Amino acid sequence: MKFRSALFTVLCLIVLTLPAFATPREIGSGDLLKLVGESRGKVVVVNFFASWCPPCLEEIPGLIRLRGHYKPSQVEFIGVSVDESRDQLVALMGKTPFNYPVFLAREELSRFFGISSIPRLLVYDKAGKLVIDNVGLVEADELAKAIDTLLGGGK
């Protein structure tokens, strides 16, 4: 019984410290477009952000909440950091309970999507068509209404 308790404690510590050791993968424009294409049949929300951006940090908890609200079979959330330093993103990931994949943008991705201001939110409908391109903070309730509309009123 003591062994199980010790094993459980060790496993809990590992799980709790995993975000601190998370190494985000880099993503380019082709990779992101492929992810969106592979998600046809779902609404796809792509959030461009940076660890040093106050409105971005304000927006992220709402996205995390919404990710938990919708079924993964209905809505895909993708975070794309435009941080210049991988270390900045890793630090943010260590203290933020992201429940969706987060990538580090390659420089060409920012140019391809014309990212000049953040946060920036792209929302694709179930057919893969870009239907929302928003620069600036989006409130979670407002985004939920848009997602519900794209899902046909259902959740």
Side-chain angles (χ1 to χ4, degrees), residues 12 15-84 86 88-155:
C12 286
V15 169
L16 291 173
T17 58
L18 278 178
F21 299 108
T23 303
R25 289 187 2 223
E26 287 190 6
I27 191 168
S29 56
D31 300 323
L32 183 55
L33 292 173
K34 182 178 177 187
L35 281 175
V36 171
E38 290 173 348
S39 297
R40 285 226 163 85
K42 302 179 188 181
V43 172
V44 180
V45 177
V46 180
N47 175 245
F48 292 95
F49 70 94
S51 63
W52 46 262
C53 165
C56 299
L57 299 178
E58 185 179 336
E59 185 174 62
I60 289 170
L63 297 173
I64 291 170
R65 190 174 69 252
L66 288 177
R67 165 67 284 157
H69 181 75
Y70 293 99
K71 295 177 185 175
S73 62
Q74 295 177 312
V75 184
E76 184 73 40
F77 286 78
I78 302 169
V80 180
S81 167
V82 296
D83 279 294
E84 291 181 10
R86 178 182 299 274
Q88 290 172 309
L89 176 56
V90 168
L92 177 64
M93 291 175 74
K95 59 186 175 187
T96 305
F98 287 102
N99 55 1
Y100 53 87
V102 175
F103 300 92
L104 180 62
R106 292 190 186 122
E107 192 175 319
E108 61 81 22
L109 183 140
S110 294
R111 284 193 309 271
F112 181 86
F113 283 95
I115 306 299
S116 59
S117 295
I118 52 175
R120 181 154 169 212
L121 195 75
L122 305 179
V123 180
Y124 294 84
D125 67 12
K126 293 190 281 186
K129 178 183 173 194
L130 180 63
V131 293
I132 297 173
D133 184 346
N134 186 83
V135 175
L137 178 70
V138 173
E139 295 295 332
D141 293 342
E142 181 182 333
L143 179 57
K145 289 176 187 173
I147 291 171
D148 289 345
T149 299
L150 292 170
L151 290 174
K155 291 180 188 162

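On a predicted model such as this, the values are computed, not experimentally measured, just so you know. Scope of the values below: all heavy atoms of this structure, side chains included, with no hydrogens, waters or symmetry mates.
Across every non-hydrogen atom of V135 and S117, the tightest pair is CG1-CB, 3.5 Å. The heavy-atom pair separating A105 from V82 by the smallest distance is CB-CG1, 4.2 Å. Heavy-atom minimum distance, P119 versus C53: CD-SG, 4.0 Å. Looking at every heavy atom in both residues, E58 comes nearest to L137 through OE2-CD2, 3.4 Å.
Ion pairing of D31 with R25 is absent here, as no side-chain N (NZ or NE/NH1/NH2) approaches a carboxylate O to less than 4.0 Å.
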- Message: Using the rule given for side chain to side chain contact (heavy atoms under 4.5 Å, CB included), can you reason through D83 versus W52, listing the C-alpha separation, both sets of side-chain angles and the distance that settles it, and then say yes or no?
- Response: CA-CA 8 Å; D83 279 294; W52 46 262; 3.2 Å; yes
- Task: Let me see the working for E108 and R111 under side chain to side chain contact (heavy atoms under 4.5 Å, CB included), right down to the final yes or no.
- Result: CA-CA 5 Å; E108 61 81 22; R111 284 193 309 271; 3.6 Å; yes
- Message: side chain to side chain contact (heavy atoms under 4.5 Å, CB included) for F98 and L92? Distances and angles first, verdict last.
- Response: CA-CA 10 Å; F98 287 102; L92 177 64; 4.3 Å; yes
- Can you check side chain to side chain contact (heavy atoms under 4.5 Å, CB included) on L32 and F113, steps first, answer last? CA-CA 10 Å; L32 183 55; F113 283 95; 3.7 Å; yes
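Between S51 and L89, the closest side-chain pair of non-hydrogen atoms is not below 4.5 Å. With a 4.5 Å cut-off on side-chain heavy atoms, V131 and V43 do not count as touching. Taking the side chain as every heavy atom from C-beta outward, P72 and R67 approach each other to under 4.5 Å. Under the 4.5 Å side-chain criterion, counting only non-hydrogen atoms from C-beta, I27 is in contact with V80. Side-chain atoms of E76 and E38, non-hydrogen and from C-beta on, never get closer than 4.5 Å to each other. Side-chain atoms of V138 and E59, non-hydrogen and from C-beta on, do get closer than 4.5 Å to each other. For the pair L63/L143, a side-chain contact is recorded, criterion being any heavy-atom separation below 4.5 Å from C-beta on. Looking only at side-chain heavy atoms (C-beta outward), I118 and F49 stay at 4.5 Å or farther from each other.
Rounded to the nearest 0.5 Å, atoms CG (L122) and CD1 (I115) are 6.0 Å apart. Of the inter-residue distances, the one linking D148 atom CG with Q74 atom CD reads 9.0 Å to the nearest 0.5 angstrom. In this structure, OH on Y124 lies 9.0 Å from CD1 on I78, to the nearest 0.5 angstrom. Between atom CG of residue D133 and atom CZ of residue R120 there is a gap of 4.0 Å, rounded to the nearest 0.5 Å. Rounding to the nearest 0.5 Å places CG of L109 at 5.0 Å from CZ of F48. A distance of 10.0 Å separates CZ of R86 from CE of M93, quoted to the nearest 0.5 Å.
At distances below 3.5 Å, at least one donor-acceptor pair connects side-chain atoms of Y70 with backbone N or O atoms of A144. Between the N134 side chain and the G136 main chain, a donor and an acceptor come within less than 3.5 Å of each other. The main-chain N or O of A127 is found under 3.5 Å from a side-chain atom of R40 such that the two form a donor-acceptor pair.
Atom CD of E139 is surrounded by 12 or fewer heavy atoms from other residues, nucleotides or ligands within 6.0 Å.
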